[in-house]
Structures are given as C-alpha cells and as structure tokens.
2 protein chains.
Amino acid sequence: MKRERATIHDIAKKLDITASTVSRALKDHPRISEATKKAVLKAAQTLNYQPNHIAAALRNGRSKIIGIIVPTADRSFFSSVVRGIEEIANASKYNVMICQSYDNYDKEVATVEALLNARVDGIVASFAKGTDNFDHFLKVRDKGIPLILFDRSNEDLEVSNVILDDYQGAYKAVTHLINQGCKRIAHFTGIRKISIYRERLRGYREALQDNGIPFDESLVIGSNMQLEDGIESMKKLLSLASPPDAVFSSSDYSAMGAMQVLKERRIRIPEDIALVGFGNEPFTWFSEPQLTTVDQRSKEMGNAAAEIFFEQIGAGKKPFVPKKTVLKPELIIRKSSLKKG
Amino acid sequence: MKRERATIHDIAKKLDITASTVSRALKDHPRISEATKKAVLKAAQTLNYQPNHIAAALRNGRSKIIGIIVPTADRSFFSSVVRGIEEIANASKYNVMICQSYDNYDKEVATVEALLNARVDGIVASFAKGTDNFDHFLKVRDKGIPLILFDRSNEDLEVSNVILDDYQGAYKAVTHLINQGCKRIAHFTGIRKISIYRERLRGYREALQDNGIPFDESLVIGSNMQLEDGIESMKKLLSLASPPDAVFSSSDYSAMGAMQVLKERRIRIPEDIALVGFGNEPFTWFSEPQLTTVDQRSKEMGNAAAEIFFEQIGAGKKPFVPKKTVLKPELIIRKSSLKKG
DNA sequence: ATTTTATGCGCAATCGATTGCATATTAAAA
DNA sequence: TTTTAATATGCAATCGATTGCGCATAAAAT
C-alpha cells in the first residue's frame, strides 16, 4: 500500500500525452478537448492523483496560505478570530498557518520571518503586548505582502487593520452604568501603549463628562488586566475613603477578579457595586452573577480581516490603500450591572 | 523598496561562485571552506536573503509543516492542545497548519485531503463527532505520513494516539463524591460512539461498584453534553421520585447547565446536590460555586502528540509501531463538591 | 618522486506544476 | 482551391534549493 504519489507526469504517461496537457486539462483550460479532459480526470482518479501544492506554489509564487500571528491561541477571543479568518479563507481554498508570539516581541519578529520564509501569501496579526517597534511588520508590507492587523493595532501605521470601536464600547458601558443610577464609577485600564486601552479610557471619560459626572483620577487603576490584577485593583478601590458604586473594567479577566473580592467581602453585586467587563469571554456567562460585558465581535473581526486580505490579493499589483475597518461593539447587559428591572 | 527577493543564485553571482556552494555554505557543509562560508553569510545579509521554504520543501519532500485538525479552534481544550503542539513544533523549526472540521464528517474528509495536498509532514487530529468511518485517516497512515490522534480516538485503529485516562478520571471523580458522603450519584454521558464517554461511564460504574453502591440505570442521562443538554438532563433528574444527591457530568458545559437549574430552584450546591464536571474549562473557575472538575491535561496532550510526531519522523523509513500514550487526569476539587472541610 | 588522501567547489539533474511559444491538424472563409 | 482562423497539443524553460558525482589542487604518506 506504500505506492508513490502520482504526478501529472504519471497521468501523462498513462494516456500518452504530455504533462502540459494534463495540467491544462485538470484546470479546465478551454483549449483542451472534452475527450482529453474526461480521460485525464478518469486517469487521475484511478491513479489516486493528488496535486502537489508545494510545486504549484513554487511555480506561481503563491502558496495559498495565510499566516496568522496571535499572542496566544488558547484565549477565547483570539481563537474566535482565527476561526473567523479560517471560515473565509477556506471558502477560497486557502489554508491558514497559525503562530503564537506568546506576547513576546522577539518571538514575534522571529515568527514574522518564519512566515515570510514559508512564503505565506499574507499575514494577519495582532501585536504582542511588548511590541513598540514595527519594523518587522513594515518589512512585510514593503515586500508587497498583504498585512492586516486586528484588535491590537497602531493608528499611525500605514497598514490595513480591523479594530473594535473601543471608544464606543466603553462609552456605552459607562452610560449604561450611569443609567442604572451609578454615580462613582471606577475604571480598570491596561498598558497605555496599547491603543485599545487608551480608547476605552477615553470612552469612559467622555461618558462621564457627557453626563455631568466629574472625573476622579483616583478611580482609575492601571494594571496588567489579569485576574490577579483585578483582585489587587478592587482591593485598592475598596480601601478608598469613598469607594465607587460601580467598576467598568477594560478586561473580563480583571472584572472577574473584582467580582471575587466583592463576593468574599459580601458586597452585593450590583446593588452595592455594579460591574461591567470587556470582551464577552465565555466565562462571563457562567459567573454568578452573570457579568455585563462588551462583545468584541471576534469572529466578525476574523471575517473582516480575511476579506481585506482577499481584496488586496484581488487588487493584484495595483497599489492597495490600507483599509481600516472599525467594528461596532455590542453591550451585553447581564445581572452584574442590572439594578433596575 | 519593492526589490525582488534574493535567491542563492543572486548570492552566487555576487561572489562569483555557484549556487551549489552557496547552498552548502548556508547549511554549514564540511566541504566548504570557512572563508567561503563567511563570505556567503555576509552576502546573504547584505542582499537580505531569506530562504524559500517552498523550494526546499519541493526538493526534499518535506514541508516542515504539521497539519492539525480540530473540531473547533475556539474551544479552550482544543486551543490548548494546539498550543502544546506548537510549542514542541516550533522548537524544531516546524510550523503548524490548523484546520477545523466543525464536527462535520465531510469537512473532515476534505480537510485531510487539503492537508495532504499541502504536503504536510504529519497530521495531528481529533475526530469530528460524527466520524465513524476512518478511511480518510487510514489513507494518511498508508501513505507513510505520521498520524497522531488525540482525545477523541479509536482503540481499534492502528494509529498513534494520545488520550486521557478517562476511566481513571471518572473513577477518581466518583470516588471523591462517595467520600464526600454522596449515595445517589447521577451521571451525564455523551454519544456512545465516542470512546471517551464510554470510558467515563465505565469509570463511573466501577467506582460505584467498588464502593458497594448499586448502579441505577435511571440516574444515567445521555445527551449531546452542551449547556442546554445539562439543563434538560438536570430537570429530568429532579423529576425523579428519588433524585440524586450528586451529579458527575462528562462535560463541564452540561455541568454548568445543571448548576443553573439547581441555583434557580434554590437547591444548595454541594449540600443538597454535589456537582463534578469534566474538562477543567476556564469558566469552571469562575462559576459560583467553583466547579470541581477533571483536568484533561490539554497542553501536555499537545506536547505528547508533537513528540510522537518527531519520534516517527526520526524513525525514517523504518516501520513505526503506533504509539499509544495515556495521560493521567487530575481531579481538581473545588467547592461544588466539597461537603466536608 | 610518486601514490594516496583530503579539501573545495562546479555540473547538472531533480522535485512537480505551470505557461509562453510553437506546431500540427482541422474547419471555416474567401 | 487557397488562405485564414480555430482547435488541440507538445516543447522547453521556469520557480529556488538540494545533492550525487566528478574534477581539480593541495597536502600527506610511502
């Protein structure tokens, strides 16, 4: 059963024609007779022929592979984006190659190089947290290889990207809290370097301002936004002379940390302190109380990124103007913030 | 900046040597002088040479890519396995290509074909739920391409695999419940076709038996193991004349469904009914009460699968005896089952 | 001084599919 | 009937890296 893989040459030999003809027949070239096509197809079948993408890729310089770089594949958000990309890619017979940067700059640089060497036709990526030098990505762009960044991106970069309207998400969340009667709303924010956190902070501030609530610096806690950070931050808030009556966290993870602290101390959610997260991670659905959060449209984000890729591919050699897509977040209101019916 | 990609020929021309020499110099061939090697390396640098993996792959028949097929990439368990595989693969300069079967047999078959055409060096896969014909996988094996199945596998298949000792996981979980004083323990089980569910059921039965607790058919509920199914199943159990005092679910998802029903009906967990899930999904940590569950060693599973791949690759043409690895599950005891201190 | 052995590198084929440019045959047009 | 236009296929180069074989030249051994 260890028979060698058949090539178009094997088919050609069997039918006493040339490989060129076989190649053309297989792709339904108009200048090949129906009879030959039928014969080739049949021979391919019996020989169990399977095209060698590698050879085709070498010849025409397109691998039909999209490279994806995510900080980590095992986070719900990123794996959903991946799924979104794959959906679109597969529909066009493209495959995806996934790499993880582990939120590490050096690994990210190495990964870009690896994907370039693998001759992927394009790269879809989300920055590692530590990345603040973008040369490796610019190199991709300058080679004429489609590059689409998502979620974590950089406004100034002349590159296509798909991001969430983080500002609006935050604005909606905070406005919702205000509508629920909250007066002192705290905010957990992340590294300032990453624009998504800056934008969420901006949405927070403006929502307060638009509702005549003064901005209080002491209610904004910066951290790494993990669960443990949420615990720390919440404790810090509770130790204030005048603690908040609501917390809007830029991450579901730290929101969950906050929730734990509150439950331990028997502080009622949302009656005493209302809670809103960001991300709509699956676990927010299972928490008690269920966490109000902002959905990041992860799958749509993947879809959009893939679509931009195909647009750019379709544009061929023509210069492609980087396309910026902004998705509208959805506020998912659940019990953790629902004070009124 | 749109300069063409440099090849070894460009380097050769620049140094007035042949491509053969360049190729050998780049891979540190012993028959090339140090002087030449140094010169080649330097030229490669200045020309910004990047090796074309596609060409190399075509020539030596190895793409340095491992294909992965998972039902869905956005489930914590699978994405962790992927991460585990990638860790090991990357260390050996391999990349992974991820595909999703969406738990659909036809898509799975097509995906196997696609990976074969992409000339991956091996395939790591977990069955789609509906898969009961394995010809497409046997075809992979018969081509001499390393195939490693994980989690969802099939004992009878002469193929390497990495699975969890589901029997032991279930046995531990149920024994734990018994130690907590539970007498009537119910069980949620999945499709019989999938061995993991059969094994968990077996562990459940034997743990009961070994502790002198009679097996009660009416306490075993079969379903699709999603959250909704857990809700249904729990309701069914509560309508029994004599409801259980514990539930061991073969899935965290349906366990969460059960938890919801119990909380709605003000049935105390674990005092009235103790709950144990399976999978150690992230949300089990955030639930209230936190869910006792069985960890599936997902990342280790990925690591192990990748290691088997490299073993088989290393074995070369020598016939490789399929290697079966069984990982030991860990019972994570949390509040949902902790009746005693 | 002659034979061996090492060393360093070039030649040319190869991997499999693709494609521009002929060429040969047949059908249609003049 | 001769010219023109389709139609159907073959030839050979190409994509870029790899590698077995061979041929020099130099160093070592006899």
Side-chain angles (χ1 to χ4, degrees), chain A residues 3-41 43-44 47-65 93 116-121 143-144, chain B residues 3-41 43-44 47-65 93 114 116-121 143-145:
Chain A
R3 77 164 107 51
E4 290 307 306
R5 310 218 303 200
T7 74
I8 53 171
H9 293 95
D10 299 323
I11 298 179
K13 208 169 297 166
K14 185 177 167 115
L15 298 178
D16 203 35
I17 52 180
T18 60
S20 330
T21 305
V22 174
S23 173
R24 292 189 174 106
L26 286 174
K27 24 180 34 194
D28 208 29
H29 186 115
R31 298 285 281 274
I32 299 295
S33 71
E34 287 306 319
T36 309
K37 281 179 188 168
K38 224 158 268 170
V40 167
L41 248 27
L47 287 179
N48 192 27
Y49 167 76
Q50 294 202 263
N52 186 328
H53 286 179
I54 301 268
L58 176 59
R59 170 60 216 238
N60 42 229
R62 295 183 307 110
S63 61
K64 293 220 162 203
I65 296 175
K93 305 275 179 208
L116 250 23
N117 292 349
R119 292 301 193 269
V120 295
D121 290 345
K143 275 189 196 297
Chain B
R3 78 164 106 52
E4 291 307 306
R5 308 209 314 195
T7 72
I8 52 171
H9 294 95
D10 299 323
I11 299 179
K13 209 169 296 166
K14 185 180 169 109
L15 299 179
D16 204 34
I17 53 180
T18 59
S20 328
T21 304
V22 175
S23 173
R24 292 188 175 108
L26 286 173
K27 20 181 37 195
D28 208 28
H29 191 281
R31 298 284 282 272
I32 300 295
S33 72
E34 287 306 320
T36 311
K37 282 178 187 169
K38 224 157 268 170
V40 167
L41 247 25
L47 286 179
N48 190 27
Y49 168 76
Q50 295 201 263
N52 186 328
H53 286 179
I54 300 267
L58 176 60
R59 172 58 218 241
N60 41 229
R62 294 183 307 111
S63 60
K64 293 221 163 204
I65 296 175
K93 304 275 179 208
L116 249 24
N117 292 349
R119 292 303 192 266
V120 295
D121 290 345
K143 275 188 197 296
I145 296 169

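The basis for the numbers below is simple: all heavy atoms, side chains too, and nothing from hydrogens, waters or symmetry mates.
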5' priority, DNA chain C, between B:His29 and B:Arg119 [closest heavy atom]: B:His29
Is [X] close enough to [N] that one of its side-chain N or O atoms is under 4.0 Å from OP1 or OP2 there?
| X | N | result |
| --- | --- | --- |
| B:Ser20 | C:dC9 | no |
| B:Ser33 | C:dC9 | yes |
| B:Thr36 | C:dC9 | yes |
| A:Thr21 | D:dT9 | no |
| A:Ser23 | C:dT18 | yes |
| A:Thr7 | C:dG16 | no |

Reported CG-to-OH distance for the pair B:Leu41 and B:Tyr49, which is rounded to 0.5 angstrom: 11.5 Å
How far does CG of B:Asp28 sit from CD of B:Glu34, to the nearest 0.5 angstrom? 7.0 Å
Closest approach to the side chain of A:Lys27, judged atom by atom: which nucleotide of C:dT18, D:dT18, D:dC11 is it? C:dT18
Minimum-distance nucleotide (side-chain atoms of A:Ala55 versus C:dG10, C:dG16, D:dT18): C:dG16
Taking atom [atom2] of [N] as reference, at what distance in whole Å does atom [atom1] of [X] sit?
| X | N | atom1 | atom2 | value |
| --- | --- | --- | --- | --- |
| B:Arg59 | D:dT18 | CZ | C1' | 4 Å |
| B:Ile17 | C:dC9 | CD1 | C1' | 9 Å |
| A:Glu34 | D:dT7 | CD | P | 12 Å |
| A:Arg62 | C:dT18 | CZ | C1' | 12 Å |
| A:Lys13 | C:dG16 | NZ | P | 11 Å |
| A:Arg31 | C:dT25 | CZ | P | 16 Å |
| A:Leu116 | D:dG16 | CG | P | 15 Å |
| B:Gln50 | D:dG16 | CD | P | 14 Å |

Could you tell me whether the side chain of A:Lys37 and the main chain of A:His29 form a donor-acceptor pair under 3.5 Å? yes
Please check this pair: side chain of B:Lys14 against backbone of B:Ala44, looking for a donor-acceptor N/O pair closer than 3.5 Å. no
side-chain contact (heavy atoms from CB on, under 4.5 Å) test vs B:Val22 passes for just one of B:Ile11, B:Thr36, B:Thr7, namely B:Ile11
Scan B:His53 against the nucleic acid and name what it touches under 4.0 Å (heavy atoms): base, sugar-phosphate only, or nothing. nothing
